[in-house]
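Side chains included, hydrogens not; waters and symmetry mates left out as well; all remaining heavy atoms used. Quantities reported herein were computed from a predicted structural model and do not represent experimental measurements.
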Amino acid sequence: MDHYDSQQTNDYMQPEEDWDRDLLLDPAWEKQQRKTFTAWCNSHLRKAGTQIENIEEDFRDGLKLMLLLEVISGERLAKPERGKMRVHKISNVNKALDFIASKGVKLVSIGAEEIVDGNVKMTLGMIWTIILRFAIQDISVEETSAKEGLLLWCQRKTAPYKNVNIQNFHISWKDGLGFCALIHRHRPELIDYGKLRKDDPLTNLNTAFDVAEKYLDIPKMLDAEDIVGTARPDEKAIMTYVSSFYHAFSGAQKAETAANRICKVLAVNQENEQLMEDYEKLASDLLEWIRRTIPWLENRAPENTMHAMQQKLEDFRDYRRLHKPPKVQEKCQLEINFNTLQTKLRLSNRPAFMPSEGRMVSDINNAWGCLEQAEKGYEEWLLNEIRRLERLDHLAEKFRQKASIHEAWTDGKEAMLRQKDYETATLSEIKALLKKHEAFESDLAAHQDRVEQIAAIAQELNELDYYDSPSVNARCQKICDQWDNLGALTQKRREALERTEKLLETIDQLYLEYAKRAAPFNNWMEGAMEDLQDTFIVHTIEEIQGLTTAHEQFKATLPDADKERLAILGIHNEVSKIVQTYHVNMAGTNPYTTITPQEINGKWDHVRQLVPRRDQALTEEHARQQHNERLRKQFGAQANVIGPWIQTKMEEIGRISIEMHGTLEDQLSHLRQYEKSIVNYKPKIDQLEGDHQLIQEALIFDNKHTNYTMEHIRVGWEQLLTTIARTINEVENQILTRDAKGISQEQMNEFRASFNHFDRDHSGTLGPEEFKACLISLGYDIGNDPQKKTGMMDTDDFRACLISMGYNMGEAEFARIMSIVDPNRLGVVTFQAFIDFMSRETADTDTADQVMASFKILAGDKNYITVDELRRELPPDQAEYCIARMAPYTGPDAVPGALDYMSFSTALYGESDL
């Protein structure tokens with residue numbers, strides 16, 4: 001910049017001490033300068049009703065020189081001398097030179113005497129100094145001035161023309177295309193640029209000079225032949241001529257500035273529209289995923305087997321581990337994008353973004369809530385179904401065992417009851433048959449409980465919707481029908497035996513005693529075998545311990561049972577001894593029972609074999625329950641650490657969001673470090689998920705060692721991640737607001753301190769009365785309501801404090817402010833909305849009126865704009881953006897193709913529909 005300033009001073013602040021004296025002696029250059037300078041002077045002198053013919057003669061008396069300076073400067077010079085003497089002429093020229101010097105120009109080697117004497121070289125040098133000071137010095141383009149600024153202006157304006165390359169103020173202009181390009185760029189209707197040829201410089205130059213003189217009020221300062229016929233045209237003559245073009249088109253600079261403003265506004269609008277489209281797509285995709293997932297979670301079609309239900313549980317775990325986490329991240333990112341978009345819209349003074357119906361953040365949150373509700377219900381249903389199937393399998397197996405035992409017992413009983421052996425039997429045989437029948441009735445009564453148990457189990461299977469209920473019901477019905485038939489047959493046989501009982505006199509009491517003792521003992525052994533083979537299902541250590549205790553009590557009864565067995569066998573042995581002693585013809589069988597000593601011994605041996613098997617089964621189940629208890633304790637220990645840790649982090653984030661420690665960048669850095677520490681905690685969550693999976697695989701349904709479930713931990717973890725991401729986004733938006741609105745860190749700290757002071761419950765929001773008190777504490781006067789009312793908070797102490805300070809708040813003004821900070825009428829004010837309001841009150845932002853004024857400049861002060869004007873002044877993409885959205889202009893001065901830029905400008909700021 002220093003080099004530029006120095007160069008600039010050498011270029012035009014001085015009359016060039018190293019004046020190109022030799023060059024001025026060149027007749028061609030002197031001719032060009034005479035003609036150009038004369039035309040330039042006359043272009044200004046004609047405003048005063050005069051002109052010059054000979055530049056070195058007409059300025060000798062100083063009168064026209066002073067008049068020229070008054071016209072181009074707009075100032076009055078000292079009164080000239082009207083005398084004809086040399087001294088009067090010198091005085092007038094000195095007054096002109098003194099005025100030039102007063103404008104900061106140092107005149108070196110130029111004296112009044114030389115001008116009065118008609119020195120051509122000095123006269124041309126003086127005129128060049130005047131041109132530099134009043135026509136070129138004030139030219140400024142992108143922080144460059146004078147000669148460099150004029151050259152840069154020419155290069156920018158002729159850049160779209162491929163056959164024009166302006167690098168200087170001499171040979172770059174010889175072909176005339178540079179002059180034609182300048183005219184065509186600003187007034188394309190004046191020149192048919194496509195017909196110009198680079199190899200016809202005379203035609204090009206004459207076309208440009210004639211058009212400039214006729215339509216642009218630029219006098220013809222050079223002849224085309226002078227430029228073409230000179231190897232290197234005079235730089236000063238060209239600069240003087242070109243500066244006239246610059247001043248003629250200076251109004252176009254304002255149009256360029258207006259175009260830049262419109263480009264900026266349209267770029268913001270295009271970016272915001274892209275963000276809106278991105279939000280709509282992401283919201284639509286997420287809602288579609290939720291819509292597809294909820295029916296799957298609400299499907300309660302049960303399976304018939306445990307394997308099928310466990311596969312459903314595994315599919316649900318895959319959904320939790322693989323499919324849902326990315327959608328949680330998408331939901332969080334969607335909220336962040338929405339908040340960022342709203343912040344950008346507020347900063348650019350645009351209306352808030354309203355998503356399509358059904359795609360609001362609240363709609364997504366509602367849909368997400370429905371998803372989580374369905375998810376919770378689905379998991380509960382899965383676990384209940386597994387419990388139900390487990391219970392059904394157990395009951396079905398129990399039904400089959402009891403039915404098989406009963407069917408084995410009833411096998412042949414009907415045929416036995418239908419026998420009529422008593423008709424040919426002896427008296428002793430009849431008595432034996434009667435006693436045998438009494439024993440059978442005892443046995444039948446003993447089996448009544450089993451039949452009732454079978455029916456009860458079948459009923460429970462029906463109530464639990466067992467998939468094979470038809471076959472169970474058929475089998476149960478067959479057993480019940482057979483049981484009823486047995487009862488009827490038993491009653492009929494007894495009646496027949498009792499009719500012949502009077503014929504029976506003798507009976508062997510030993511056989512009778514054997515039968516009476518063997519039957520219950522046999523039933524006891526069958527019951528013991530059934531109990532020892534019965535399957536069991538337990539879920540706790542206490543339950544398995546109860547079964548073990550009952551089994552130990554059973555084993556304690558075995559010695560007494562063995563004594564009973566030996567006593568029964570002793571009776572049978574005594575019968576055999578009596579038969580052998582007295583030669584009784586009993587055919588070796590007991591007429592009162594079918595239970596033989598071999599059968600008793602066989603069942604007893606079977607019971608003794610089943611006892612150690614039962615011991616082993618109980619021991620294995622006890623070990624499994626101990627392992628399950630270890631899993632419970634392991635999960636509980638971790639969950640009791642992770643649960644409080646998540647709660648603590650949530651509270652710490654809440655405190656961080658309302659406290660002030662350092663700059664917003666410091667807070668953002670601290671929050672990101674905090675977020676990193678939270679993310680680093682994820683392996684512990686994953687470890688807990690692994691333990692939870694082991695618990696579910698072990699079919700453990702409760703845990704007394706912790707109040708935390710995996711669902712609590714998952715929800716807390718997701719809320720923690722969402723909260724830290726949302727808090728970071730709020731700080732980023734505060735930084736964006738601060739930078740965009742020019743709020744200092746001290747102001748931001750003052751706003752935060754005031755906000756926190758009135759946020760009594762540390763909720764991060766203010767109620768209407770708290771917000772009003774906060775504004776007053778910051779010195780904001782709200783009192784434009786004719787009926788003044790005291791602004792107060794809920795407590796009487798703060799109300800008295802405000803009144804004592806003399807603050808008044810008008811209800812109408814406060815209602816206006818609340819409509820800005822709380823557009824959704826939620827009754828609370830967030831800190832971000834508070835910051836936006838405080839910054840908006842003082843910030844200078846673009847408005848619809850400013851954009852409308854910029855379009856009016858581009859349109860040449862017309863009430864409409866044409867397609868050609870938009871495409872000429874704006875970049876192609878933004879020009880097409882305007883053309884596609886502007887409505888046709890229908891005013892009385894409308895022309896074909898006219899566009900309404902006024903309604904378009906108001907639509908950009910939400911004041912009408914775009």
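Arg630 and His627 form no side-chain donor-acceptor contact under 3.5 Å, judged by distance and modelled atom types alone. Using a 3.5 Å distance cut-off with no hydrogens or angles, the side chains of Thr535 and His394 do pair a donor with an acceptor. Judged purely by distance below 3.5 Å, without hydrogens or angles, the side chains of Trp483 and Gln448 pair a donor atom with an acceptor atom. When only modelled atom types and interatomic distance are considered, Asn365 and Lys331 share a side-chain donor-acceptor pair under 3.5 Å. Side-chain contact of Lys603 with Asn522: a donor-acceptor pair under 3.5 Å is present, judged by distance alone. Under the 3.5 Å distance criterion, with hydrogens and angles disregarded, no donor-acceptor pair is assigned to the side chains of Asp278 and Asn337.
At a threshold of 4.5 Å between non-hydrogen side-chain atoms, the residues Arg292 and Glu288 count as touching. Residues Arg632 and Thr706 fail the side-chain proximity criterion, which asks for heavy atoms closer than 4.5 Å. Between Thr340 and Glu732 there is no side-chain heavy-atom pair separated by less than 4.5 Å. Side-chain atoms of Leu694 and Phe635, non-hydrogen and from C-beta on, never get closer than 4.5 Å to each other. Taking the side chain as every heavy atom from C-beta outward, Gln333 and Ile336 approach each other to under 4.5 Å.
Classification of the Trp524-Phe554 ring pair by plane angle, with boundaries at 30° and 60°, yields parallel. Between Trp645 and Tyr681, the angle of the ring planes stays under 30°, which puts this pair in the parallel group of the 30/60° scheme. Ring geometry, Tyr708 versus His712: the interplanar angle exceeds 60°, so the pair is classed perpendicular (tilted spans 30 to 60°).
For CD of Glu542, the number of neighbouring non-hydrogen atoms (other residues, nucleotides, ligands) closer than 6.0 Å is greater than 12.
A salt bridge is defined here as a Lys NZ or Arg NE, NH1 or NH2 lying under 4.0 Å from an Asp or Glu carboxylate O, and Asp615 with Lys555 meets this definition. Between Arg672 and Glu675, no side-chain nitrogen of the basic residue sits less than 4.0 Å from a carboxylate oxygen of the acidic one, so the salt-bridge criterion is not met.
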Could you go through Asp449 and Gln453, starting from their C-alpha distance and side-chain angles, then the distance that decides it, and tell me whether this counts as side-chain hydrogen bond (donor to acceptor under 3.5 Å, both in side chains)?
CA-CA 6 Å; Asp449 290 338; Gln453 290 174 4; 5.9 Å; no
Stepwise side-chain contact (heavy atoms from CB on, under 4.5 Å) check, Leu334 with Val361:
CA-CA 8 Å; Leu334 188 70; Val361 173; 5.8 Å; no
Walk me through whether Leu736 and Lys344 qualify under side-chain contact (heavy atoms from CB on, under 4.5 Å).
CA-CA 8 Å; Leu736 188 61; Lys344 288 186 176 181; 4.2 Å; yes
Working for side-chain contact (heavy atoms from CB on, under 4.5 Å), residues Asn473 and Gln477:
CA-CA 6 Å; Asn473 293 335; Gln477 186 63 44; over 6 Å; no
side-chain contact (heavy atoms from CB on, under 4.5 Å) assessment of Gln533 paired with His606
CA-CA 11 Å; Gln533 295 179 91; His606 191 203; 4.3 Å; yes
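For residues 452-464, the salt bridge (Lys or Arg N to Asp or Glu O under 4.0 Å) pairs, not counting sequence neighbours, are Arg391-Glu460. Contacts classified as salt bridge (Lys or Arg N to Asp or Glu O under 4.0 Å) and involving residues 396-408 (residues at least two apart or in different chains) are given here: Glu397-Arg400, Lys402-Glu530, Glu407-Arg475. Every pair passing salt bridge (Lys or Arg N to Asp or Glu O under 4.0 Å) that includes a residue from residues 711-728 is listed here, sequence neighbours excluded: Arg320-Glu711, Lys324-Glu718, Glu335-Arg726, Glu689-Arg714, Glu711-Arg714.
Shown are Glu697, Gln693, Gln696; of these, the side-chain hydrogen bond (donor to acceptor under 3.5 Å, both in side chains) with Arg317 is made only by Gln696.
For the pair Asp363 (side chain) and Met360 (backbone), a donor-acceptor distance under 3.5 Å is present.
Applying the salt bridge (charged side-chain N to carboxylate O under 4.0 Å, His left out) criterion to Asp560, with sequence neighbours excluded, gives no partner residue. In this structure, the salt bridge (charged side-chain N to carboxylate O under 4.0 Å, His left out) partners of Asp285, at least two apart in sequence or on a different chain, are Lys281. With sequence neighbours excluded, the residues that form a salt bridge (charged side-chain N to carboxylate O under 4.0 Å, His left out) with Asp318 are Arg321.
Of all the heavy atoms in Ala639 and Leu688, the pair that sits closest is N-CD1, 4.0 Å.
With ring centers used as reference points, Trp289 lies 6.0 Å or more from His323.
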